Number of protein chains: 2
Amino acid sequence: MAGSPENVRADGHSQMTDAVPRGTGVTLWRQIAERLEADIAAGRWQPGERLPVEAELASAFGVNRHTLRRALAALAEAGLIEATAGRGTFVKAPPLRYPIGPRTRFSEIVTAGGRWPFGRFLEARVEPADAEVARELDIPQGTDVLRIESIHEADGVPISCGIAWFAAARCPDLDLIYAATGSLTRALATLGIEDFRRRETRITARPANAREMEQLSIAAGRSVIVLERVDVEPNGRPLQWGRSSFAADRVQLVFKP
Amino acid sequence: MAGSPENVRADGHSQMTDAVPRGTGVTLWRQIAERLEADIAAGRWQPGERLPVEAELASAFGVNRHTLRRALAALAEAGLIEATAGRGTFVKAPPLRYPIGPRTRFSEIVTAGGRWPFGRFLEARVEPADAEVARELDIPQGTDVLRIESIHEADGVPISCGIAWFAAARCPDLDLIYAATGSLTRALATLGIEDFRRRETRITARPANAREMEQLSIAAGRSVIVLERVDVEPNGRPLQWGRSSFAADRVQLVFKP
DNA sequence: GAACATTTGTCCGTATGTATC
DNA sequence: CGATACATACGGACAAATGTT
């Protein structure tokens with residue numbers, strides 16, 4: 001593979017070795033972007049690593065800095081890198097692939113990605129169901145529901161935060177068990193509820209609000225994916241309804257029919 | 001139904017008729033928010049309509065303007081209304097439910113929602129497949145692919161914009177037929193390709209970029225849902241791969257396993 | 001472009017009820 | 001019981017954005 005300049009600093013005479021060919025019908029910036037993308041995909045630069053400064057990269061590719069910046073802009077647009085004035089340009093961590101199907105559980109998703117899952121319990125309380133919760137759980141308005149607020153992390157990095165509601169009668173002390181184990185899946189299993197499946201997943205997105213910025217450690221203006229879900233038991237009765245906000249920069253939700 | 005003030009202007013003496021009860025154990029702002037939400041749900045105020053100004057609503061409910069603003073903030077958080085300084089507070093249109101399954105087609109989705117679908121063709125050209133397109137379509141890099149850029153609208157409101165790639169050999173003149181009919185589904189049918197299904201849908205989100213702001217008529221800082229998809233023919237060969245940006249304020253993607 | 005009215009957004013401060021230690 | 005912290009509610013003033021003249 002035609003790697004990008006790996007000897008920018010070491011060998012001043014090699015500036016032209018990686019120069020991009022001109023007159024090929026492909027613009028210079030596109031060629032550069034594709035080379036850098038291939039390098040990142042190949043692991044030439046690791047996530048979190050800082051790229052050489054723009055001037056060095058530009059001279060290594062034999063182009064003007066503006067041309068190089070056009071290539072970096074394309075990569076930033078694609079979400080592969082992130083530039084900060086005064087700090088440098090960094091390779092972003094690839095988003096966590098988050099498969100969603102009838103029976104996916106958070107802990108399995110994260111474990112499959114080679115990361116360590118953790119559900120950080122924030123708050124639980126019993127409250128009467130408002131109109132929305134009652135509709136989604138198919139219970140009379142005002143019935144007691146258990147409301148659990150939590151944050152999900154992978155390797156200590158917050159992935160999502162949100163609120164889930166359970167019919168309180170069906171899940172006695174679920175909150176206590178969850179708080180102890182850190183896994184909702186296991187807490188439900190303790191109650192003998194293992195066989196539930198996703199009935200519907202609804203998705204939208206919006207800029208993060210103040211709470212999400214804090215809980216997910218994301219910058220102002222970044223997006224969250226808002227995911228609403230209904231899980232049902234084998235008999236078709238809704239078990240939980242919830243709404244979670246995902247740090248959009250860190251996950252890619254994957255649906256396979 | 002205990003409606004919210006409908007005679008704010010008409011009858012100056014009715015200020016207290018809709019006043020919220022105090023000392024009930026439910027905060028004033030929550031009572032107000034629930035009343036307004038019920039009114040919007042009941043169609044008392046139509047999508048796009050402007051609510052009375054804050055001062056009027058406050059006096060109608062018999063509370064301070066700050067208390068009313070707390071209620072409006074809750075509704076805005078829930079996505080029911082949107083306020084702009086100097087203009088007023090408006091009821092937002094409910095998002096278009098956009099079901100995604102193995103065989104959903106854009107035209108069917110929008111028609112089912114009682115709206116009129118339209119794919120506005122922007123540009124088509126044949127180009128050699130780059131690394132990403134080649135991988136997704138499972139063809140050798142450099143093979144000719146047809147790249148189609150388009151915008152999808154419902155009732156004249158832009159819903160999504162994006163780019164789709166087809167193996168050029170499989171779809172001769174697809175671009176011309178699409179440009180003529182405005183429906184990709186029909187254009188493919190003309191070529192005898194009717195039976196394809198979604199193999200995978202990947203989703204993330206980010207703030208809209210300049211192009212999306214223009215093509216989708218959305219404000220700076222708003223979010224887009226970025227949806228990548230692979231459609232395959234019955235024999236399993238990829239037919240199209242594409243990446244679309246949805247105006248997150250206008251759609252809710254719905255997945256049913 | 002300037003002046004103006006309208007409307008939302010933000011800040012100051014104060015008082016009160018409620019839950020907690 | 002008091003001390004304390006917090007959310008709720010109110011009052012006033014001004015800034016910022018928008019639309020109109």
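Predicted, not measured: the structure shown is a model, and the values here were computed from it. Proteins come first, then strands; the chains are lettered A, B, ... in the order of their sequence lines, and each starts at number 1.
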L72(B) CG to dG9(C) P, straight-line distance once rounded to whole Å:
9 Å

Without decimals, in angstroms, what is the distance between E56(B) CD and dT7(C) P?
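The distance from CD of E56(B) to P of dT7(C) comes to 8 Å, rounded to the nearest Å.
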
Please check if atom CZ in R147(A) has more than 12 non-hydrogen atoms from other residues, nucleotides or ligands closer than 6.0 Å.
yes

How are the rings of W241(A) and W165(A) set relative to one another: parallel (under 30°), tilted (30 to 60°) or perpendicular (over 60°)?
parallel

Given side chains that start at C-beta, do those of [X] and [Y] come closer than 4.5 Å, heavy atoms only?
| X | Y | answer |
| --- | --- | --- |
| T201(B) | F255(B) | yes |
| Q31(B) | P21(B) | yes |
| I163(B) | I148(B) | no |

Filtered N/O pairs between nucleotides 6-13 of chain D and protein, under 3.5 Å:
residue	atom	partner	partner atom	Å
dT8(D)	OP1	W29(B)	NE1	3.3
dA9(D)	OP1	L28(B)	N	2.5
dA9(D)	OP2	W29(B)	N	3.4
dC10(D)	OP1	R22(B)	NH1	3.0
dC10(D)	OP1	R22(B)	NH2	2.8
dC10(D)	OP2	N64(B)	N	3.0
dC10(D)	OP2	T67(B)	OG1	2.4
dG11(D)	OP2	N64(B)	ND2	3.3
dG11(D)	N7	H66(B)	NE2	3.4
dG11(D)	O6	H66(B)	NE2	3.1
dG12(D)	O6	H66(B)	NE2	2.5

Given side-chain hydrogen bond (donor to acceptor under 3.5 Å, both in side chains), test S245(B) with E212(B) step by step and report yes or no.
CA-CA 7 Å; S245(B) 302; E212(B) 289 154 352; 2.7 Å; yes

Do R222(A) and S223(B) have side-chain atoms, one donor and one acceptor, less than 3.5 Å apart?
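Result is no, nothing qualifies.
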
How long is the span from the SG atom in C171(A) to the CG atom in L191(A), to the nearest 0.5 Å?
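Going from the SG atom of C171(A) to the CG atom of L191(A) covers 6.5 Å.
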
Could you pull out the protein-nucleic contacts involving nucleotides 16-21 of chain D (nitrogen or oxygen on both sides, under 3.5 Å)?
residue	atom	partner	partner atom	Å
dT18(D)	O4'	A85(B)	O	3.4

